[in-house]
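What follows is a set of notes on a single structure, which appears directly below.
Every heavy atom of this structure was used, including side-chain atoms; hydrogens, water molecules and symmetry mates were not.
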Amino acid sequence: MQLISTSPSLLFASLLLLCSSSVHAGDCQKTTDIERERCTIADTGLRMNDLQAVGSHNSYKLAIPAPELARIRAYNERSAITLDYSHLPLKEQLNLGMRQIELDVVYDPEGGRFADPLLPREAAGEPGAQAYDAAQMQKPGFKVLHSQDIDVRSNCMTWILCLSEIRSWSQANPEHVPILIMLNAKEGGSAYPGVEPALDFNEAAYSALDAETLSVFSWHEIITPDLVRGDHPTLREAVLANNWPRLDDARGKVFFALDERPEKVRTYARDKASLQGLPMFVNSIDSSADHAAYFTINDPEGAFERIQATVTQGFIVRTRADANTIEARQDSTERREAAFASGAQYISTDYYVPRLEFSSYQVQLPSGSAARCNPVRCAP
């Protein structure tokens with residue numbers, strides 16, 4: 001399977017202006033180019049929820065060094081298998097066409113809480129060990145890592161560094177389709193012995209997270225819940241009225257989604273039913289909540305009809321083409337194909353580049369573009 005171009009200009013050039021202004025009337029036309037079917041993107045009529053793009057899962061994650069992974073394997077072999085993946089720097093992912101980035105954050109208001117992680121310390125000096133640079137971890141602020149003490153290595157070790165890299169790329173490529181930045185707010189400990197627990201996210205923590213976010217991206221660079229809500233009474237009603245920004249207005253911008261369970265969503269919302277005045281969307285469980293706009297639905301096979309129905313209503317959905325390294329190890333494509341066909345706007349993978357020691361498994365749009373017209377919302 002051919003890799004997509006590393007040139008952003010070529011990616012954008014491939015988004016030909018072929019769709020008409022009426023998506024729901026079925027006017028979106030298709031053509032064939034280099035034997036690949038394209039449903040490419042018009043700048044009139046389409047809204048940002050009428051697109052489909054590929055993104056990465058735990059986008060910051062670096063490979064766990066061999067002696068650290070061996071310790072995980074000795075404790076739980078299955079965990080070692082599921083953690084055996086890594087990613088390119090964020091800028092390289094964006095150059096390859098990724099338009100969804102996922103980051104995990106831990107709260108560290110004093111600094112230094114995660115500066116001396118367990119496994120790098122235990123493995124130091126062993127063959128294959130890698131030094132752990134804790135300079136960024138000493139500073140107060142939100143850190144980006146997968147599992148404290150266990151899976152700690154990141155392409156960008158702080159929330160501000162990660163967002164700064166995305167913003168720098170965005171400014172250099174201002175015609176890009178909207179980039180979804182998902183985040184998980186990590187709390188608590190681990191079954192692995194000796195792990196330092198992560199602090200809980202209370203309202204003060206979320207306020208600090210919003211402040212860090214807005215220290216990198218200005219309000220006018222973010223697609224916010226207020227922007228989508230407009231004059232509608234609730235965010236949900238705005239989405240059902242198809243009030244997502246038009247593609248022309250959404251280009252060059254990002255939007256944030258807190259992917260968390262309902263109790264953490266309530267804490268983030270701070271009694272603002274439609275997320276008024278907040279920079280981030282939140283994961284919804286059903287479409288009845290006032291804040292309903294974004295859904296994480298990670299099983300595109302078991303929840304196929306639910307995803308299609310949710311997308312048809314106008315909501316934005318992220319799903320996963322693969323998980324826990326299983327599909328790549330087995331060269332299994334069923335989940336990937338269900339993800340594309342479901343109409344989920346953002347399809348997450350660990351294998352935008354194949355890991356050939358596993359298989360040729362890879363996830364990219366059939367057109368090889370950074371985005372295409374959504375197969376559910378943009379009918380042939």
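Between His87 and Tyr352, a ring centre-to-centre spacing shorter than 6.0 Å is recorded. Ring centroids of Tyr75 and Tyr192 are separated by less than 6.0 Å, placing the two rings close together. A ring-centre distance under 6.0 Å is found for Phe142 and Tyr107.
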- Item | Phe315 and Tyr294: CA distance, side-chain angles, deciding distance, ring pair (Phe, Tyr, Trp, His ring centres under 6.0 Å) verdict | CA-CA 6 Å; Phe315 300 100; Tyr294 166 83; over 10 Å; no

- Message: Checking Arg320 against Glu327 for the salt bridge (charged side-chain N to carboxylate O under 4.0 Å, His left out) test, could you report, in this order, the C-alpha distance in whole Å, the side-chain angles of both residues, the deciding distance, and whether it holds?
- Response: CA-CA 11 Å; Arg320 291 183 66 178; Glu327 285 74 19; over 6 Å; no

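Ring geometry for His146 against Tyr85 counts as perpendicular: the plane angle is over 60°, on a 0 to 90° scale with 30° as the lower cut.
Arg355 and Asp84 are joined by a salt bridge, as a carboxylate oxygen and a charged side-chain nitrogen come within less than 4.0 angstrom of each other. A salt bridge does not link Arg336 to Asp322: none of the charged side-chain nitrogens sits closer than 4.0 Å to a carboxylate oxygen. Note on Arg377 versus Asp50: salt bridge recorded, some NZ/NE/NH1/NH2 to OD/OE distance being below 4.0 Å. Checked for salt-bridge contact, Glu187 and Arg261 meet the test: a charged N lies under 4.0 Å from a carboxylate O. A salt bridge does not link Asp248 to Arg47: none of the charged side-chain nitrogens sits closer than 4.0 Å to a carboxylate oxygen. In this structure, Glu68 does not pair ionically with Arg73, as no charged nitrogen and carboxylate oxygen lie closer than 4.0 Å. A salt bridge is absent between Asp249 and Arg246; no separation between the charged side-chain nitrogens and carboxylate oxygens falls under 4.0 Å.
Under the 3.5 Å distance criterion, the side-chain polar atoms of Asn49 are matched with a main-chain donor or acceptor of Gly314. No donor-acceptor pair closer than 3.5 Å links the side chain of Asn58 to the backbone N or O of Lys61.
Within 6.0 Å of CG in Asp271 there are 12 or fewer heavy atoms belonging to other residues, nucleotides or ligands. Around CD of Glu77, the count of heavy atoms belonging to other residues, nucleotides or ligands within 6.0 Å does not exceed 12.
Screening Gln138, Arg113, Lys143 for a side-chain hydrogen bond (donor to acceptor under 3.5 Å, both in side chains) involving Asp108 leaves a single residue, Lys143.
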Only distances under 3.5 Å count here; give the side-chain donor-acceptor pairs of residues 198-205 to other protein atoms, sequence neighbours excluded, each with its distance to 0.1 Å.
| unit_1 | atom_1 | unit_2 | atom_2 | d |
| --- | --- | --- | --- | --- |
| Asn202 | OD1 | Ala204 | N | 3.2 |
| Asn202 | OD1 | Ala205 | N | 2.8 |

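A cation-pi arrangement is not found for Arg266 relative to Tyr268, the charged atom failing to lie both closer than 6.0 Å to the ring centre and inside a 45° cone about the ring normal.
Remark: Cys156 SG to Cys162 SG, distance under 2.5 Å.
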